[in-house]
Structures are given as structure tokens and as C-alpha cells.
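Structure first, commentary second.
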Amino acid sequence: MKIVKTIDEVRSQVRQWRAQGLSVGLVPTMGYLHEGHASLIDASHRDNDRTVVSDFVNPMQFGPAEDLESYPRDIEHDARLVEEHGGDIIFNPEPEEMYHKGFSSFVDMTVLTQELCGLSRPVHFRGVCTVVSKLFNIVKPDRAYFGKKDAQQLAVIRHMVDDLNMDIDIIGCPIIREDDGLAKSSRNTYLNDDERKAALVLSKAIFLGMNLVRKGEKSCDVITGSMKELIEAEPLAKADYVKIVDCATMQQIESIDRPALCAIAVFIGKTRLIDNFFTEDV
Ligand code: PAF
């Protein structure tokens, strides 16, 4: 396993693999890897001959008041995890390598991005689409792996790949949770002890919503209302959104009468965490 810093190095390695007829998987990450990322690397290792893990905190997807500077980084830890899970390369460029002076081309989307995280993070998906397109152009993988925790991101990337005829299979992998239910996230490291306990309100709300759907509740107001009540009872938590949307359009719906995504974003202190479930999976 090696860490490479430049686009030229990744390209030349991938070219050698291609010359040997090997397939290539890409796991795009912002580093500070945890078991959620490990499950993506495992899936890529299972499906492909070689796996590239990109490890890049992408400045373009952070708003001015967001946590770009404090976002956790630990490349040595990441290297150990990638090696243990069978990854072959970590692509860990500096921002100047990805965005040269004068960089001025962007990939943006007019659908799917106007709801949920797109409302509270207006520049986020343009940054994600741009960097993921660049990573796809650099690595040219056969398959790319994304977690379902970022369900809207996964939908946006699938749509981009379809719109722009990118010849890449997008594989969505299940949410990985801590033993007590909290969805794994690099941002969990921001939480102090009290906040860590309070953060359980996210998974509790998700499990409550899932139970209501399982019991046959169809009204989105009833489901999200119960979830919000539970979140509001936690003094350290403040809901950004608790919504149920059509999986295909990401637009809010009133009744569970089609495949839907129930997604939440909650501030625990200053840390914004997300979680979700698909009604089809309950
Ligand atoms: O999900 C993430 O970690 C990021 O949004 C991604 C896909 C690596 C793009 O920077």
C-alpha cells in the first residue's frame, strides 16, 4: 500500500494496472477513516482487483462558517486502516494539486440538491459533484463506493453519473453504527462525553421512525412529528431538519405511498450530524 500525492502518480499506477487487465475500485473519502469507510474498502476489495482510496478534505464542499479548518485529519491512522482492508493506494493530494491557480470549472445540479442538506449547506453539493467528477476523471474506476449515511449525496452522484454518461458503477453501502446505535462519522470525534450521550437521540429517532413505518403508519407528519418530539426532549440537541422525501426526487411527500427516504440532521452542541432510513429497508 502506498500513499501518493500527485495526480500524475495515480494515473501512471492505474495505467499499469489497466495494462495488466486489472479492474479498479475507488473509495472517495475525506480521511479520518472509521469502520464505515472500512466497509466501503472491503466492498471494493471484494469486487475489484485494485482499490484506490482518495483521502482529501475538499475545501469546495464546505461553506464559510463550516468546519473545514477543524475537520479531523490523521493520514498515518488512515494508511494503517486502508492497508488492513486491502486497499492498494491512498491518493492524498494537497488542495493546490486538486485546484490549481485559476481553477474555474464546476459541476452543479439543479435537481435533488434543493432539499435536505442542500438547504442548510448551499454550496455543498456543487463542491461534492466537482471533486467527485475530478476523482472519477483521475482514477477512471470501474466502480465507486459511497455510504448510504450520506443518502442525498449518493442520489446526487448517481444522477450526475447518469446525466454526464460517466461509465462507472456507483455502489451504495449500508450505514455502519456504533454498538449503541450512533451512525459512524468522522465528526463524532468533535463530541465531548455529554454530547456523545446526547447524540444517541439521532439513532433513537431513526429507530422510532422505522418502527412507525413497520407498523403501517403512512402519514409523514405523524412519523416526523414523533421523531422531532423525541429530539426536542434532548437539551443538547437542535434539529436542523427531520423530513421524509421521495427517493427519486428528494422532494417532501405527505404520505408513504412510494419509496421514500426519512432523513435527519441534528446539531449536538456545535456538531451537525446526519442519519436516515429508507422506507423500503424497514
Ligand atoms: O462523503 C464524503 O466523505 C465526501 O463528500 C466525498 C464524497 C469524499 C467528496 O469529498
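Hydrogens, waters and symmetry mates are skipped; everything else that's a heavy atom, side chains included, is used. Note that ligands are numbered from 1 as they come in the structure, with each ligand's atoms numbered from 1 the same way.
- If you check which protein heavy atom lies closest to atom 3 (O) of ligand 1, you get Met30 CG, 3.6 Å.
- Less than 4.0 angstrom separates some heavy atom of Thr29 from each of these atoms of ligand 1: 8 (C).
- When only interatomic distances are considered, the shortest N/O to N/O separation between Gln61 and ligand 1 falls below 3.5 Å.
- Neither the backbone nor the side chain of Ile157 has any atom closer than 4.0 Å to an atom of ligand 1 (non-hydrogen atoms only).
- Applying the 6.0 Å contact sphere to CD of Glu229 captures no more than 12 heavy atoms from other residues, nucleotides or ligands.
- Taking the six-membered ring where tryptophan is involved, the planes of Tyr190 and Tyr71 are perpendicular, since the angle between them exceeds 60° and thus also 30°.
- For the residue pair Pro93 and Met98, the shortest heavy atom distance occurs at CG-CG, 3.6 Å.
- In terms of N/O distances under 3.5 Å, ligand 1 is approached by Gln153.
- Between Arg80 and Asp74 no salt bridge is recorded (no basic side-chain N to carboxylate O distance below 4.0 Å).
- Within the listing of ligand 1, atoms 9 (C), 10 (O) sit less than 4.0 angstrom from a heavy atom of Val131.
- Heavy atoms from other residues, nucleotides or ligands lying under 6.0 Å from NZ of Lys184 number more than 12.
- Within a 6.0 Å sphere centred on CZ of Phe277, heavy atoms belonging to other residues, nucleotides or ligands number more than 12.
- Proximity to Pro28 (heavy-atom distance under 4.0 Å) selects the following atoms of ligand 1: 8 (C).
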